[in-house]
Amino acid sequence: TTEIYTLSLHDALPIFSPLLPDFYKKAIEDLFIGEGIGSCGTAAYTGKRVIVENIMEHPYWKDLKELASQAGLKASCCEPIISSSNEVLGTIGMYFHEARQPTKEEMEILQANSNLAAIAISHKMAIDAVSESEQKFKGIFNNINDQIYIRELNGKLIDVNQVVVDTLGYSKEEILNTYLADIISSKYIQRMYEFMEIIETDGRAIYETEALCKDGTTIPLEVNARFIAYGGRKMILSVSRDISERKKAERMRLLEEERL
C-alpha cells in the first residue's frame, strides 16, 4: 500500500491515499508531526527517511500499533518531500502487509516519487503565492483614493482602478479601448510625450496634467509615473492625484496678491 501526505501548516498530517481504510485516515488526520509519531510524522519532523521493519515492535508506533494492526500494516518506509530550498513539504510513504525491509527497487521508486511530488507541490505553492499577491494588489488597486492607470509604452491603457471610472464618467470598457492621450486635455498632450522621454531615461517622473471627463470637464492631476513589470511585460504605472483644491488655493492666492 502506498500513501502520500501533504503538509499545509507544517504541524499536521492530512493524508491522501485511496488504498488505506477510511477509519485509519480519519484517526491520524489530526495528528501533529513529531519525532516518534509514526513513520511519516517522524520523517516530516526530522527531514530524513524513516524505515520501520516491524511496526508492532518499533517505538515510533507504540501509540499507533493497534490502529496499524487493524489496517493490516506491518512495516513502512517514509521519505520526506524536500523543496529546492530544503523545506520539508510533506512525506510519501510505503506501507507493507508483512514485516520486512523495502527492496532497493521500492526505495528508488519512493525517492523518485518524492522528487516529483516536491516539484508539483512547489509549483502549486508558487501559483498560490502569485494568486494571493494578485488579490492583494487588486484590493489596494481598487480601494486607494488616487486614480491609477496602467498602460503600455505606446499609451494604450491596460487597466485602471475604480476611482478612474467613477471620476471621469466613462465605463471601464470605454477607457480600456482608448489611449492615455484620448483622456488628457489637448494642451497637455505634448507635455505628456516629453515626460515619457524622462521616464524612459530616469525610470520615473512627476508632472502635472489634466484628465478629460466624459462630460467635457477637466480635472487637474499630479501624476507620479514609473516603470513596472505587469503580466510579465514592461508597463507604466501612473498614480494620479486630484489637485483641484490646490489649484483653487493657488488662484485665490494670486487674486489676493493682485489686490495688494
Side-chain angles (χ1 to χ4, degrees), residues 82-87 89 115-116 118-247 250:
I82 307 291
S83 73
S84 58
S85 59
N86 290 322
E87 178 187 2
L89 304 174
N115 293 338
L116 288 174
I119 294 170
I121 294 171
S122 296
H123 181 64
K124 178 64 166 57
M125 291 171 67
I127 291 174
D128 290 345
V130 170
S131 177
E132 181 180 358
S133 177
E134 288 178 348
Q135 289 301 317
K136 288 180 179 178
F137 174 78
K138 284 294 184 183
I140 297 170
F141 188 73
N142 285 316
N143 287 286
I144 198 167
N145 291 327
D146 294 330
Q147 297 179 31
I148 301 180
Y149 302 80
I150 297 175
R151 58 189 170 98
E152 295 178 338
L153 303 187
N154 64 4
K156 177 70 173 64
L157 288 164
I158 298 301
D159 205 356
V160 297
N161 68 345
Q162 191 60 38
V163 176
V164 174
V165 175
D166 295 340
T167 304
L168 302 191
Y170 302 96
S171 69
K172 190 166 186 177
E173 289 71 24
E174 287 175 319
I175 294 174
L176 298 186
N177 280 321
T178 65
Y179 287 76
L180 188 61
D182 297 327
I183 54 174
I184 294 295
S185 178
S186 58
K187 64 182 179 181
Y188 284 94
I189 290 178
Q190 182 57 41
R191 180 181 293 184
M192 182 190 73
Y193 289 125
E194 291 170 359
F195 276 101
M196 265 297 302
E197 295 179 4
I198 295 175
I199 297 171
E200 288 278 2
T201 303
D202 300 337
R204 64 184 303 166
I206 298 175
Y207 59 94
E208 291 185 6
T209 189
E210 287 182 350
L212 182 63
C213 299
K214 191 172 184 178
D215 63 9
T217 59
T218 58
I219 298 174
L221 300 173
E222 180 183 76
V223 180
N224 189 328
R226 62 183 301 158
F227 284 127
I228 63 166
Y230 186 79
R233 300 163 60 194
K234 190 176 183 179
M235 301 278 183
I236 295 176
L237 169 70
S238 297
V239 179
S240 305
R241 179 159 296 178
D242 186 337
I243 54 173
S244 298
E245 292 301 316
R246 184 203 300 177
K247 291 297 183 182
E250 289 174 357

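Residue numbers count from 1 along this sequence.
- We find the CG-OG distance between Leu221 and Ser244 to be 7.5 Å, quoted to the nearest 0.5 Å.
- One N or O on the side chain of Ser171 and one on the backbone of Glu174 form a donor-acceptor pair closer than 3.5 Å.
- Taking CD1 from Ile175 and CG from Asp182, the interatomic distance works out to 11.5 Å, rounded to the nearest 0.5 Å.
- Listed for the Ser122 side chain is no donor-acceptor partner under 3.5 Å among the backbone atoms of Ile119.
- Residue pairs that meet the salt bridge (Lys or Arg N to Asp or Glu O under 4.0 Å) test with at least one member in residues 186-207, sequence neighbours left out, are Lys187-Glu210.
- Proximity of Val160 to Leu168: side-chain heavy atoms (C-beta onward) are nowhere separated by under 4.5 Å.
- Here the NZ atom belonging to Lys156 is positioned 6.5 Å from the CG atom belonging to Leu176, to the nearest 0.5 angstrom.
- In this structure, CD1 on Ile236 lies 4.5 Å from CD1 on Ile199, to the nearest 0.5 angstrom.
- Considering only heavy atoms from C-beta on, Met235 stays 4.5 Å or farther from Arg151 through its side chain.
- When all heavy atoms are compared, the tightest approach of Thr218 to Leu212 is CG2-CD1, 4.0 Å.
- Taking a 6.0 Å sphere around CG of Asp215, one finds it holds more than 12 heavy atoms contributed by other residues, nucleotides or ligands.
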TODO: Before giving the answer on side-chain hydrogen bond (donor to acceptor under 3.5 Å, both in side chains), spell out for Ser83 and Ser85 the whole-Å C-alpha distance, their side-chain angles and the decisive distance to 0.1 Å.
DONE: CA-CA 5 Å; Ser83 73; Ser85 59; 3.0 Å; yes

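- For residues 150-172, no pair satisfies ring pair (Phe, Tyr, Trp, His ring centres under 6.0 Å), with sequence neighbours left out.
- The shortest side-chain heavy-atom distance between Met192 and Val223 does not fall under the 4.5 Å cut-off.
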Open item on the list: If you apply the rule side chain to side chain contact (heavy atoms under 4.5 Å, CB included), what do you find for Phe195 with Thr209, and how did you get there?
Closed with: CA-CA 11 Å; Phe195 276 101; Thr209 189; over 6 Å; no

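- Contact annotation: the side chain of Arg246 never approaches that of Arg241 to less than 4.5 Å [non-hydrogen atoms, C-beta and beyond].
- Every residue two or more places apart in sequence or in another chain that forms a side-chain contact (heavy atoms from CB on, under 4.5 Å) with Val163 is listed here: Gln147, Asn161, Thr167.
- Ala118 and Leu89 get closest at one heavy-atom pair: O-CD1, 3.9 Å.
- For the atom pair CD1 of Ile206 and CG of Asn224, the computed distance is 4.5 Å after rounding to the nearest 0.5 Å.
- One finds the CG atom of Asp159 at 4.0 Å from the OH atom of Tyr230 (value rounded to the nearest 0.5 Å).
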